[in-house]
**Student:** 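The structure's right below; bear with me while I get my questions together.
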Amino acid sequence: MKKVMIVDDEIIVRKGLISLFDWKSAGYDIVSECESGNEAIREIERVRPDIILTDLMMDDGDGFSVIEEVQKHYPDIRSVVLSSYNDFDNVRLAMKKGASDYIFKLTVKPEELIKTLDEVSKDIKERDKDEGKTPDDYSMIIKAIKDDGQSGCMDIPIQLDSQYRVIAMMIDNFALLKKKNIYLNWTRTMSLVEGICEEALKKNGELFLLRYSEEIRLIIMKTGKKELKDDMELLARRIRMLTSLKVSFSVSGISDKKENLRPRIREALDLLSGLYYSDDCFIEKKEECPDLIMPDEFSKEEYLKLLSTMNAYSALRLFEREIEYINGKRAYAKADVIRELCRSAGLLHVILSSEDMAEETLMKDGATLFDMIRMSDRWNFLLAQIVPFLSGIRKDLRKSRNIRAEIEDTLTYVYANIDKDITVRKAAERINMSESNFSHVFSEEMGISFLRFVIKAKMERSARLLVTTDLRINEIADKVGINNPNYFSVQFRKYYGISPASFRDEKRSQDDEGN
């Protein structure tokens, strides 16, 4: 019997819904009626409904606040909007905040409402059936896992009297995806992921799946099988195919004693950070990371020098160089890298703020620069997020201050003549400047040297041609004014880190996966 709460400030609506059909015969029990959002929020903890039917526009606390409260503190509760015909914008917003469905409250028919209730509660029924554990049971297990003391063994519903391993499964970049509202209903999505895992792994032996955190699931599996890499990679591909989510797995060593369960769990969890620089989805052991020692050029003092001269362009370029430096190493511990980049990002933020840039400049899809750094579980994902983000900041900087007309004209000249040999001398002569003066002015205005800007423009044009055409490498080199294909390949690898051919294959493979 699923428990239902009805929230609407019109009594005729509440009583009308109650009288529609025999709720208990349909498998539902109305446990509470509330006439405001605030009353509903107070009642949720007491009655713990499975489903809340809520109006949106109410005086004493609206339905949006109810949905937000549910998403934040009671993710297993489903919310269904009681909508009017002219309320589509609000319904759309409610769905974005986490509502599972909506009905037209004044015209809904009994069979339509029952169908909606059955649909939104389907995964609740499946979860109750499959788990056989109460929330209190889970709370005790989680507490035992996270307890560093020696308070005895955990009581889990499988016997650990033979060989077992602990698998930790993590949704990659979960925090950032959630921040950006990529998935509207994470509870449903995670339930689907759990089901896929259990179905795929049960062939290896008896298992128990535990929700360790929002993004991490622990799978305690009785198996003596030593090699699980192929199983994990196949499972990761299946999850990505069905949910579009990338997942990572770490696997502990084999144990045959129940008292070793907590160390095996800690081992599996600790291993996950070892995938930071990897494109793999699976790890069994992690190499030791060297201490993070950054060159003096990226020190706090260097950023503060730029703040003293209000040089935002150079500060942005310094931050980009720091990312390039770490990218070249790809060796330091994840926590150390995050700490270092957050420190530099904070200094960059101060310098950019000195330009009176709007706060939105440092936002992208609801995520800040700090969010991207802290919430990215993989280095490649961070690069994919941060590179265009920083490019956007550079464009906003350019708009926020007037670039000299001569430099603006030079930019147009570069893009219009990308297939030619562009030199400092030619560019300087066009605007009647000496080469040295032109180089200085261009660097000051753009935060990058002229020659590096030209190479950047040529490489970016090359990348577009590689993805959008079937031209051969030597033909693309000619299109961007580089006569020597070998030199072109060297420059492309310096800029993108891989060869032109590999770049084309990788991008087209990603497009195929997305279709």
Side-chain angles (χ1 to χ4, degrees), residues 173 175-176 179-180 276-277 291-403 407 411 440-450 452-453 456 460 495-497:
N173 312 301
L176 193 55
K179 178 88 174 178
K180 293 184 173 188
Y276 189 54
Y277 301 108
D291 292 336
L292 176 62
I293 302 175
M294 298 296 291
D296 290 341
E297 66 174 298
F298 306 123
S299 67
K300 176 180 179 180
E301 288 68 27
E302 291 301 312
Y303 280 98
L304 294 180
K305 284 180 188 176
L306 297 172
L307 176 60
S308 67
T309 58
M310 310 287 272
N311 193 337
Y313 274 116
S314 294
L316 185 60
R317 182 62 193 128
L318 179 59
F319 186 71
E320 290 171 331
R321 288 205 309 273
E322 186 169 359
I323 292 172
E324 290 171 3
Y325 175 83
I326 294 173
N327 190 42
K329 298 287 184 181
R330 292 194 178 214
Y332 302 127
K334 172 184 174 182
D336 292 343
V337 170
I338 291 174
R339 191 181 306 112
E340 167 64 22
L341 288 182
C342 282
R343 179 193 66 82
S344 297
L347 294 166
L348 176 64
H349 189 285
V350 172
I351 296 169
L352 291 174
S353 298
S354 72
E355 290 278 337
D356 295 325
M357 294 177 65
E359 187 65 24
E360 300 83 60
T361 302
L362 299 181
M363 300 286 290
K364 179 186 178 184
D365 301 332
T368 67
L369 179 58
F370 298 98
D371 291 333
M372 292 180 196
I373 295 169
R374 293 189 188 107
M375 296 178 177
S376 296
D377 296 313
R378 298 299 185 96
W379 178 255
N380 282 342
F381 182 84
L382 172 60
L383 287 181
Q385 296 284 312
I386 211 169
V387 170
F389 181 70
L390 296 175
S391 178
I393 292 178
R394 187 183 299 283
K395 289 178 181 177
D396 288 338
L397 266 173
R398 196 176 300 152
K399 291 175 184 176
S400 68
R401 56 189 279 194
N402 294 324
I403 294 179
I407 300 304
L411 300 182
H440 174 74
V441 171
F442 190 95
S443 296
E444 280 293 306
E445 291 286 324
M446 298 301 297
I448 185 174
S449 73
F450 178 71
R452 291 189 69 177
F453 176 80
K456 176 177 180 290
E460 289 174 349
Y495 192 80
Y496 284 104

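The chain is numbered in sequence order, starting from 1.
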**Student:** Anything under 30° is parallel, anything over 60° is perpendicular, the rest tilted; go ahead and classify Phe370 against His349.
**Tutor:** tilted
**Student:** Evaluate the side-chain proximity of Lys180 to Gln385: yes if any heavy-atom separation is below 4.5 Å, no if none is.
**Tutor:** yes
**Student:** Would you compute the distance between atom CG of Asp336 and atom CD1 of Ile293 and round it to the nearest 0.5 angstrom?
**Tutor:** 10.5 Å
**Student:** Please determine whether salt bridge (Lys or Arg N to Asp or Glu O under 4.0 Å) holds for the pair Glu324 and Arg321, giving the CA-CA distance in whole Å, both sets of side-chain angles, and the decisive distance to 0.1 Å.
**Tutor:** CA-CA 5 Å; Glu324 290 171 3; Arg321 288 205 309 273; over 6 Å; no
**Student:** Tell me, do Phe442 and Leu411 make a side-chain contact under 4.5 Å, heavy atoms counted?
**Tutor:** yes
**Student:** Taking only residues two or more places apart in sequence or in another chain, which ones pass ring pair (Phe, Tyr, Trp, His ring centres under 6.0 Å) with Phe298?
**Tutor:** Tyr325
**Student:** Measuring only between side-chain heavy atoms, which start at C-beta, is Phe381 closer than 4.5 Å to Met372?
**Tutor:** no
**Student:** How many angstroms lie between NZ in Lys179 and CE in Met375, if you round to the nearest 0.5 Å?
**Tutor:** 5.5 Å
**Student:** Tell me whether Tyr277 contacts the main-chain N or O of Tyr332 through its side chain, where contact means a donor paired with an acceptor under 3.5 Å.
**Tutor:** yes
**Student:** In Å and rounded to the nearest 0.5 Å, what is the NE2 to CD distance from His440 to Glu445?
**Tutor:** 9.5 Å
**Student:** Is any side-chain heavy atom of Asp377 closer than 4.5 Å to one of Lys334?
**Tutor:** yes
**Student:** Is the shortest heavy-atom distance from the side chain of Tyr495 to the side chain of Glu460 under 4.5 Å?
**Tutor:** yes
**Student:** Charged N to carboxylate O under 4.0 angstrom, Glu320 versus Arg317?
**Tutor:** yes
**Student:** Taking C-beta and beyond as the side chain, do Trp379 and Ile323 meet within less than 4.5 Å on heavy atoms?
**Tutor:** yes
**Student:** Could you tell me which non-hydrogen atom of Ser299 sits nearest to which non-hydrogen atom of Arg343, and how far apart they are?
**Tutor:** C-NH1, 4.0 Å
**Student:** Is any side-chain heavy atom of Leu348 closer than 4.5 Å to a side-chain heavy atom of Ile393?
**Tutor:** no
**Student:** So which heavy atom on Phe319 is nearest to which on Leu341, and how close?
**Tutor:** CE1-O, 3.8 Å
**Student:** Could you tell me the separation between the CG atom of Asn173 and the CG atom of Leu382, rounded to the nearest 0.5 Å?
**Tutor:** 9.0 Å
**Student:** If you round to the nearest 0.5 Å, how far is CG of Leu347 from SG of Cys342?
**Tutor:** 11.5 Å
**Student:** Mind checking the CE-CZ spacing from Met446 to Arg452? Nearest 0.5 Å is all I need.
**Tutor:** 13.0 Å
**Student:** Please tell me if the side chains of Ile386 and Ile373 come closer than 4.5 Å, counting only heavy atoms from C-beta onward.
**Tutor:** yes
**Student:** So which atom in Ser449 and which in Ser443 form the shortest heavy-atom distance, rounded to 0.1 Å?
**Tutor:** CA-OG, 3.6 Å
